[in-house]
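Both backbone and side-chain heavy atoms feed into the values below; hydrogens, waters and symmetry mates do not. All ligand and atom numbering here is 1-based and tracks the order in the structure. Each residue takes its place number in the sequence, starting with 1.
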Amino acid sequence: MKILVTGGAGFVGSACLRHLIDQGADPVAYDNLSLGHRDAVPADRLVVGDIADTAKLASLMKERGIEAVMHFAAATYVGESVTNPDHHYRNNIAGTLSLLTAMREAKVDRMLFSSTCATYGLNPKMPMSEESEQVPCSPYARTKLAVEWMIRDFAEAYGLGFTLLRYFNAAGADADGSHGEDHDPETHLIPLVLRVAQGRMDSLKVFGTDYPTPDGTCIRDYVHTADLASAHWLAIQATTPTTREVFNIGTGDGNSVMEVIKACEEVTGREIPLEICERRPGDAPALVADPKKLKTKLGWKMKYPTIRDVVETAWAWHESHPQGYADRVPAAANA
Ligand code: UDP
């Protein structure tokens, strides 16, 4: 299957791209390298470009005979979405509109979309099924929910098969230590805790200890990227031009910030100094998946079901790549 992977040089996109190659599919990554890494993708499978460039996308899809799109490219920082919503609305909503326009022109009629558990936001019902009410509590989450609706409306009007995948917290690294999480700036919990363990930061800021959770810190469902990737492969094979589907991708187990820190201390054998801080704007108290539908309908099985499994792979990556990927070059220089 010839698949265009937007954001294919990013953390989750590149993990999916590698999995697609392993499964015998024929993917091409399309990425502006603003957040992604050239080294995360085989050179012959990367096209550098922006999803705002409708004409470039359409001609690439026609030239390569693309049959389906996996759409990962997006602005993803929750905190930044609060301070700079323009960037998120432009990238996520206008960017997806550009992609859907190009897909219509190139007659590509199947897609997966990387949505998020953050669209459930303040919903207190746990774990969250796909039918849970969507109550997004950040501009980031609102852009993702708006795109879900955009895709549904395009599917009705113009014919498009889609599967919406609502991820919980993507984490972990490749088992062989070759690929892992490298964001700039890094804002995610596990890599930051591991940086403290490495002595690259003095302490870990804990954003809020007064949430309505057992230990007062936020609860998240950390799912390994390899398990996310296998879900994408199952989903794209099940997506036909008439599919209208949605799946959660999460383990079904939630861990608080304090529990994640404890798992990191156990795996690294190092103590993590903490700094208790105010809540971070836009954070939901608890987000835990009910992954039953993905398991029963698509036969999804996890390789890394526990927080310890996830942290062990992440720690191996951090130890072998303390500075992350070696390729951070401004996008303009590569275009
Ligand atoms: N978090 C924290 N300190 C940090 C980074 C994150 O306490 O330095 C918390 C954050 O408030 C959230 C959880 O860890 O409750 C997971 O945050 P992350 O940014 O990894 O993922 P998100 O849930 O925002 O997608």
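Side-chain polar atoms of His224 and Thr313 form a donor-acceptor pair below 3.5 angstrom.
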- Message: Show, in sequence, the C-alpha distance, side-chain angles and deciding distance for Thr187 and Val78, and conclude whether the side chain to side chain contact (heavy atoms under 4.5 Å, CB included) test is met.
- Response: CA-CA 9 Å; Thr187 61; Val78 175; over 6 Å; no

- Item | Steps toward side chain to side chain contact (heavy atoms under 4.5 Å, CB included) verdict (Leu228, Leu165) | CA-CA 9 Å; Leu228 274 169; Leu165 298 171; over 6 Å; no

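Below 3.5 Å of separation, one finds an N or O of Phe207 facing an N or O of ligand 1. Residue Leu189 places at least one N or O, backbone or side chain, under 3.5 Å from an N or O of ligand 1.
If you look at Val257 next to ligand 1, the close heavy atoms, those under 4.0 Å, all belong to the side chain. If you look at Leu287 next to ligand 1, there are no close heavy atoms at all, none under 4.0 Å. If you look at Leu204 next to ligand 1, the close heavy atoms, those under 4.0 Å, all belong to the side chain. If you look at His188 next to ligand 1, the close heavy atoms, those under 4.0 Å, come from the backbone and the side chain alike.
When hydrophobic clusters are built by joining Ile, Leu, Val, Met, Phe, Trp and Tyr residues whose side-chain heavy atoms come closer than 4.5 Å, directly or via intermediates, Val288 is not grouped with Val135.
Scanning the protein heavy atoms around atom 21 (O) of ligand 1, the nearest turns out to be Asn169 ND2, 3.1 Å. What sits closest to atom 24 (O) of ligand 1 on the protein, heavy atoms only, is Arg280 NH2, 2.7 Å. In this structure, the protein non-hydrogen atom closest to atom 15 (O) of ligand 1 is Cys218 CB, 2.9 Å. For atom 3 (N) of ligand 1, the closest non-hydrogen atom on the protein side is Lys205 O, 2.6 Å. The nearest protein atom to atom 5 (C) of ligand 1, hydrogens excluded, is given as Thr187 O, 3.4 Å; this is a heavy-atom distance. Counting protein heavy atoms only, atom 11 (O) of ligand 1 is closest to Asp283 OD2, 2.6 Å. Closest to atom 23 (O) of ligand 1 among all protein heavy atoms lies Arg220 NE, 2.7 Å.
The six-membered or imidazole ring of His188 lies near that of His183, with a centre-to-centre distance under 6.0 Å.
A salt bridge links Arg166 with Glu148: the distance from a Lys NZ or Arg NE/NH1/NH2 to an Asp or Glu carboxylate oxygen falls below 4.0 Å. Salt bridge status for Arg152 with Glu156: absent, with no side-chain N to carboxylate O gap under 4.0 Å. Under the 4.0 Å criterion applied to side-chain N and carboxylate O atoms, Lys125 and Glu131 are not assigned as salt-bridge partners.
The shortest heavy-atom distance from Tyr222 to ligand 1 is under 4.0 Å.
Note on ring orientation: taking the six-membered ring where Trp is involved, the planes of Tyr325 and His321 are tilted (angle from 30° to 60°).
Close approach of ligand 1 to Val206 is summarised as follows: ligand atoms under 4.0 Å from at least one heavy atom of the residue are 7 (O).
Atom NZ of Lys62 is surrounded by more than 12 heavy atoms from other residues, nucleotides or ligands within 6.0 Å.
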